[in-house]
Structures are given as structure tokens and as C-alpha cells.
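Reviewing the structure listed below.
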Amino acid sequence: VALESGLIFRMDGKTGNRQRRIHIRRIIGNAGIISMMEKDDELWVGTSSGLVVYSLTSGTFDNQTGVDEKPYTLSGHTVREIYEDREGNVWVGTANGGLRVWMSYGGNFSRFITKGDGKPLAGTSIRAICADDKGYIWTGSEEGLVSRYNPSNGEFVDFSDKTGIDFGTVITTIKYI
């Protein structure tokens with residue numbers, strides 16, 4: 001549970017008891033906490049100024065921000081959504097910075113600026129990320145667009161008002177049913 005004050009409480013899902021209190025305000029300053037995800041022994045925290053990874057074992061923070069021009073970093077964009085796929089890769093949806101993925105085998109971020117065909121991504125303000133049973137990654141954006149990414153061939157398919165489906169702004173996480 002994240003609070004506006006910058007405190008994060010890790011709760012026991014069965015008992016509801018608080019297991020740990022984490023003070024993140026000293027790391028993120030006045031940035032707001034927007035999204036969180038736990039992976040292995042880390043807490044990934046999306047904020048209005050980027051991404052912070054907190055080690056639950058050592059208690060240390062790693063600020064995963066950088067500049068757009070540097071490869072393998074996550075720029076200081078607002079992180080709206082964080083999702084781990086079945087391969088252990090972490091997908092990060094940013095506000096106006098597009099879609100990023102942290103590859104579990106390389107430990108670096110990749111940025112999707114263009115689709116495999118060289119065309120730019122249609123939605124750059126990603127609000128929702130999930131995967132289906134085939135391993136396709138689905139994203140929803142502020143631009144009224146839902147996209148499907150096929151990791152096996154690197155292709156994106158966009159679904160929008162141009163394809164006859166008007167989603168409007170995607171507000172929250174989409175779930176595969």
C-alpha cells in the first residue's frame with residue numbers, strides 16, 4: 001500500500017498485517033507514487049519522475065532514471081504502469097515516453113520508439129499493460145489505442161478508431177479474461 005506521504009506498507013495478503021514500512025520520500029522527493037509491482041525480492045515503484053527499485057533484502061534503492069539519448073536507461077518520464085510477463089521481463093508504461101521493457105536476461109531497458117516496420121508507436125502515453133495466454137503483450141494508452149505486441153516476431157498490431165474500434169482513453173489496467 002502506497003501513501004501520499006511517501007510511505008509504503010508491505011502487507012501480508014493472508015492476515016492483513018503490516019510486514020514492513022518503507023520510507024521512499026527521501027529518494028523520490030516530491031514525486032507522487034503512481035504504480036508498484038513486486039518482483040523477486042524487489043519492489044518496483046513508478047513515480048511522477050521515473051522508476052525506483054527497492055531491494056526488500058538489503059533495503060537499498062536504485063533510481064532507474066536516465067536521459068532519452070542514453071540507451072538502456074529509463075528516462076525521467078512519469079511511470080504509469082509496471083507489469084511482469086511470464087518470461088520475467090518488466091514492461092513499463094510511461095506518460096509521453098512510450099513503452100519500455102527491462103529484459104530479464106540482459107538487465108537493461110529497451111525502448112519501443114518504432115514498431116518492427118519502422119513506423120512510430122501510435123500511443124506514447126501508456127496507462128495499461130497485460131499479457132494473454134499466448135504471451136502477447138497488450139497495452140492501452142491515453143490516445144484511445146490498444147496495441148498488441150508479439151514477442152516471438154517483434155510485431156505490433158494497433159486497434160483504434162481507424163480499425164473500427166473506438167476505445168477512448170484507456171484509464172486503468174486491462175486484464176485478460
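Values in this document were obtained by computation on a predicted structure and should not be read as measured data.
- With sequence neighbours excluded, the residues that form a side-chain hydrogen bond (donor to acceptor under 3.5 Å, both in side chains) with Ser125 are Glu142.
- The side-chain heavy atoms of Tyr149 and Val101, taken from C-beta on, include no pair separated by under 4.5 Å.
- Using a 4.5 Å cut-off on side-chain heavy atoms (C-beta onward), Val157 and Asn150 make no contact.
- Annotation: the span from Tyr54 atom OH to Thr60 atom OG1 amounts to 8.0 Å, rounded to 0.5 Å.
- Between Trp44 and Lys39, the closest heavy-atom pair is NE1-CB, 3.8 Å.
- Residues Glu38 and Leu56 form a side-chain contact, since some pair of their non-hydrogen atoms from C-beta on lies under 4.5 Å apart.
- Nearest approach of Met37 to Tyr83, heavy atoms of both residues: SD-C, 3.9 Å.
- For the pair Val92/Trp102, no side-chain contact is recorded, criterion being any heavy-atom separation below 4.5 Å from C-beta on.
- Ile34 and Leu43 fall into different hydrophobic clusters, where Ile, Leu, Val, Met, Phe, Trp and Tyr side chains are chained together by heavy-atom contacts under 4.5 Å.
- Taken to the nearest 0.5 Å, the CG atom of Asn89 stands 8.0 Å off from the CD1 atom of Ile137.
- Glu81 contributes atom CD, which lies 9.0 Å from atom SG of Cys130 (distance to the nearest 0.5 angstrom).
- Put simply, the side chain of Asp40 never gets that close to the backbone of Glu42: no donor and acceptor are under 3.5 Å apart.
- Ile82 and Gly46 get closest at one heavy-atom pair: CD1-N, 3.5 Å.
- Rounded to the nearest 0.5 angstrom, Ile129 CD1 and Trp91 CH2 are separated by 8.0 Å.
- Residue Val79 is tested with Thr47, Ile126, Val52, Leu51 for a side chain to side chain contact (heavy atoms under 4.5 Å, CB included); the sole match is Leu51.
- Distance OG/Ser152 to OH/Tyr136: 6.0 Å, rounded to 0.5 Å.
- Within the 3.5 Å criterion, the main-chain N or O of Asp133 finds a donor-acceptor partner in the side chain of Arg86.
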